[in-house]
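Here is the structure we will look at, set down as structure tokens.
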Amino acid sequence: MPELPDVEGFRRTFARHAANKTVSRVEAVDRTMTRKTSPRSLARALARRRFRDPYRHGKLLICPTGGPALVLHFGMTGSLEWSSGEPRHRHDRLVLVFADGELRYRNMRKFGGIWLARDPKALESITGRLGPDWLEVSPARFRERLGGRRSSIKAALMDQKVAAGLGNLTADEALWQARIDPRRRVSSLDEREEATLYRKIQKVLRDSLPHGLVPAKRSWLTGSRDHRGGSCPRCGTRLERTRIGGRTTVFCPREQS
DNA sequence: GCTCATGTTCCCCT
DNA sequence: CAGGGGAACATGAG
């Protein structure tokens with residue numbers, strides 16, 4: 001699931017249950033998921049620390065303590081679950097234990113990862129490869145960062161160095177709403193199309209935020225993309241699928257060309 | 001058995 | 001060097 005709206009949902013979960021609270025201990029850390037640290041170092045560094053308000057950069061969730069910060073990436077199947085009694089799940093890869101319950105980082109496929117940033121410089125080494133967060137980037141900055149690319153527009157939107165947070169679903173959705181063919185070269189878009197695309201991306205993200213996921217709305221591409229033989233919610237044309245950047249890409253061949 | 005999956009990275013070509 | 005294709009990663013679901 002995790003694209004920007006999903007991670008924003010996880011941020012809210014963390015803020016509600018873990019921020020301004022002290023972790024009593026850290027358990028069940030899967031050692032194949034820790035990056036540049038080990039389960040033991042992580043547990044030692046976080047135990048008895050008090051979390052501050054978490055924030056998000058693209059698909060990364062950053063959880064500062066005042067000392068080290070916990071950084072989570074959810075890959076394709078990650079989530080954050082609060083529990084005050086239910087048994088743990090087999091895919092829980094990290095458990096933060098608090099006095100009133102547990103916050104569990106769950107991740108079936110184990111893409112993504114868990115980092116410990118001991119100082120601002122270490123944090124910068126984790127986030128530094130990402131472009132600005134999509135909810136913060138201005139239209140001018142977007143155009144500037146997009147400029148000069150020779151790739152398809154969809155590949156550029158998925159590239160987290162341009163701006164961070166879009167994924168396969170949100171990229172397809174915004175391109176469909178903007179009526180732009182995902183296969184087009186970035187250089188072929190005119191100013192008006194770039195402006196429309198920017199607005200649609202912002203709209204897709206902002207409309208999704210309250211749900212904490214990208215909703216499968218009937219009026220959106222998301223509502224039809226999963227059915228075999230699905231049709232365009234606007235014009236009824238049979239949707240087409242192809243692969244761009246290694247990912248399934250769904251679009252309306254009539255309106256996006 | 002087979003295909004496909006909302007992410008990222010790395011290798012090999014062009 | 002930029003970018004595309006494909007594979008890899010790990011674990012399912014249908």
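Letters A, B, ... mirror the listed sequences (proteins, then strands); counts begin at 1.
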Discussion item. Both conditions, 6.0 Å and 45 degrees, for the charged tip of A:Arg234 above the ring of A:Trp176: are they met here?
Written reply: yes
Practice prompt. Look at the side-chain N and O atoms of A:Thr170 and state whether any lies under 4.0 Å from the OP1 or OP2 oxygen of B:dT6.
Written response: no
Practice prompt. Look at A:His73 and B:dT8 and indicate whether a side-chain polar atom (N or O) is within less than 4.0 Å of OP1 or OP2.
Written response: yes
Discussion item. I want to verify a distance call: between B:dT6, C:dT11, B:dT8, whose nearest atom is closest to the A:Gln160 side chain?
Written reply: B:dT8
Worksheet, complete the sentence: Rounded to whole Å, CZ of A:Arg183 lies from C1' of C:dG4 at a distance of 16 Å
Worksheet entry | Intermediate values then yes/no, salt bridge (charged side-chain N to carboxylate O under 4.0 Å, His left out), A:Asp6 and A:Lys59 | CA-CA 8 Å; A:Asp6 309 81; A:Lys59 299 169 192 171; over 6 Å; no
Discussion item. At 4.0 Å (heavy atoms only), tell me whether A:Gly246 reaches a base, stays on the sugar-phosphate, or touches nothing.
Written reply: nothing
Discussion item. For a quick check of understanding: with a heavy-atom distance under 4.0 Å over all strands, which category does A:Thr32 fall into, base, sugar-phosphate or nothing?
Written reply: nothing
Worksheet item: Closer than 4.0 Å, any side-chain N/O of A:Lys110 to the OP1 or OP2 of C:dC9?
Response: no
Worksheet item: Which word best sums up how the rings of A:His17 and A:Trp82 line up, parallel for under 30°, tilted for 30 to 60°, or perpendicular for over 60°?
Response: parallel
Response to the item:
note: A:Leu146, atom CG; C:dA2, atom C1'; distance rounded to Å ~ 15 Å
Discussion item. Output the rounded distance in Å from CZ (A:Arg31) to C1' (C:dA10).
Written reply: 17 Å
Worksheet item: Is A:Glu27 paired with A:Arg25 through a side-chain N to carboxylate O contact shorter than 4.0 Å?
Response: yes
Worksheet item: So what does A:Arg243 touch, heavy atoms closer than 4.0 Å: a base, only the sugar-phosphate, or nothing?
Response: sugar-phosphate
Worksheet entry | A:Phe111 ring over B:dT8 six-membered base ring, under 5.5 Å and 30° | no
Discussion item. What's A:Arg185 touching, base or sugar-phosphate or nothing? Going by heavy atoms closer than 4.0 Å.
Written reply: sugar-phosphate
Fill in: Closest to side chain of A:Ala155, choosing from C:dG4, C:dT11, B:dT6
C:dG4
Discussion item. Using whole Å, what does the distance between atom C1' of nucleotide B:dT6 and atom NZ of A:Lys154 come to?
Written reply: 10 Å
Practice prompt. Flag the pair A:Glu124 and A:Lys121 as a salt bridge only when some basic side-chain nitrogen lies within less than 4.0 angstrom of an acidic carboxylate oxygen.
Written response: no
Worksheet item: Base, sugar-phosphate alone, or nothing: which one does A:Arg35 contact when heavy atoms must sit under 4.0 Å apart?
Response: nothing
Worksheet item: How about A:Tyr105 and A:Phe10: are their ring centres within less than 6.0 Å of each other?
Response: no
Fill in: Residue closer to the 5' end of DNA chain C, A:Arg93 versus A:Ile244 (nearest nucleotide)
A:Ile244
Item to complete: Looking only at side-chain atoms of A:His91, point me to the closest of C:dG12, C:dG4, B:dT6.
Response: C:dG12
Discussion item. In this structure, how many angstroms lie between the P atom of B:dG7 and the CG atom of A:Leu72, rounded?
Written reply: 17 Å
Worksheet item: Counting side-chain heavy atoms from CB outward, which of C:dG3, B:dT6, B:dA5 is closest to A:Arg241?
Response: B:dA5
Discussion item. Given B:dT6, B:dT8, C:dT11, identify the nucleotide with an atom nearest to the side chain of A:Arg109.
Written reply: C:dT11
Fill in: Carboxylate-amine/guanidinium proximity below 4.0 Å for A:Asp92 and A:Arg88
no
Response to the item:
Looking only at C:dG12, C:dA2, B:dG7, the nucleotide nearest the A:Arg247 side chain is B:dG7
Discussion item. From CD1 of A:Ile114 over to P of C:dC9, roughly how many Å is that when rounded to an integer?
Written reply: 20 Å
Item to complete: Can you figure out which of B:dG7, B:dT9, C:dT11 approaches the side chain of A:Arg129 most closely?
Response: B:dT9
Item to complete: Mind checking A:Gly112 for me? I need base, sugar-phosphate or nothing, with any heavy atom below 4.0 Å counting as a touch.
Response: nothing
Discussion item. If you only use heavy atoms from C-beta on, which nucleotide in C:dA10, B:dC4, C:dG3 is closest to the side chain of A:Ser151?
Written reply: C:dG3
Item to complete: Under 4.0 Å between any heavy atoms, over every strand shown, what does A:Thr77 touch: base, sugar-phosphate, or nothing? Just pick one.
Response: nothing
Worksheet entry | Distance between P atoms of B:dT6 and C:dG3 (Å, rounded) | 23 Å
Practice prompt. Send over the distance from A:Met76 CE to B:dT6 C1', rounded to a whole Å.
Written response: 6 Å
Worksheet item: If you check the A:Met108 side chain, which of B:dT6, C:dT11, B:dT9 turns out closest?
Response: C:dT11
Discussion item. When both hydrogen-bonding distances must be under 3.5 Å and the geometry is Watson-Crick or G-U wobble, what is B:dT6 paired with, if anything?
Written reply: none
Fill in: Rounded distance in Å - CH2 (A:Trp115) to P (B:dT8)
9 Å
